[in-house]
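This report refers to the structure that appears directly beneath it.
All values derive from a computational prediction rather than experimental measurement.
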Amino acid sequence: LERSKLEYEFKRWKVGGGYSAYQYGNGLWENKPFTSVTLKGGKYGDLEFWLQRMPQGSPQLQIRYAMAFKTHRNHQK
């Protein structure tokens, strides 16, 4: 398990938090909590901002973009 997240969804955005684990090279596995806010863009995709404190104590902000493509199939008999 790399991460686990719980989100609350609203009309135009989502807010959540969770716990993630990571390993640098052959080092020990480390884990930290994180928070996230996602702006829902509909057909243009979602933009997620993820804030997490790194092992050295400094904060890290990740920005993630996700878009899903849907196909519509007409099943006629």
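No side-chain heavy atom of Gln52 sits under 4.5 Å from any side-chain heavy atom of Pro33. Proximity of Lys32 to Phe34: side-chain heavy atoms (C-beta onward) are nowhere separated by under 4.5 Å. In this structure, the side chains of Thr38 and Phe49 stay at 4.5 Å or more apart for every pair of heavy atoms.
Salt bridge present: Lys5 and Glu7 bring a charged side-chain N and a carboxylate O closer than 4.0 Å. Look at Lys40 and Glu48 and you find no salt bridge, because none of the NZ, NE, NH1 or NH2 atoms lies under 4.0 Å from a carboxylate O.
Distance check: Thr35 OG1 to Arg53 CZ gives 10.5 Å after rounding to the nearest 0.5 Å.
Remark: Phe10 CZ is packed, more than 12 non-hydrogen atoms of other residues, nucleotides or ligands lying under 6.0 Å away.
The side chain to side chain contact (heavy atoms under 4.5 Å, CB included) test with Val37 singles out one residue from Val15, Leu51, Leu47, and that residue is Val15.
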request  = Report the C-alpha distance between Asp46 and Tyr65 in whole Å, list the side-chain angles of each, state the deciding distance to 0.1 Å, and finish with yes or no for side-chain hydrogen bond (donor to acceptor under 3.5 Å, both in side chains).
outcome  = CA-CA 6 Å; Asp46 294 344; Tyr65 176 76; over 6 Å; no

message = Does Trp50 form a side chain to side chain contact (heavy atoms under 4.5 Å, CB included) with Leu61? I'd like the steps, not just the answer.
response = CA-CA 6 Å; Trp50 173 307; Leu61 176 66; 5.7 Å; no

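Glu9 places no side-chain N or O within 3.5 Å of a backbone atom of Trp13 that could act as its donor or acceptor partner.
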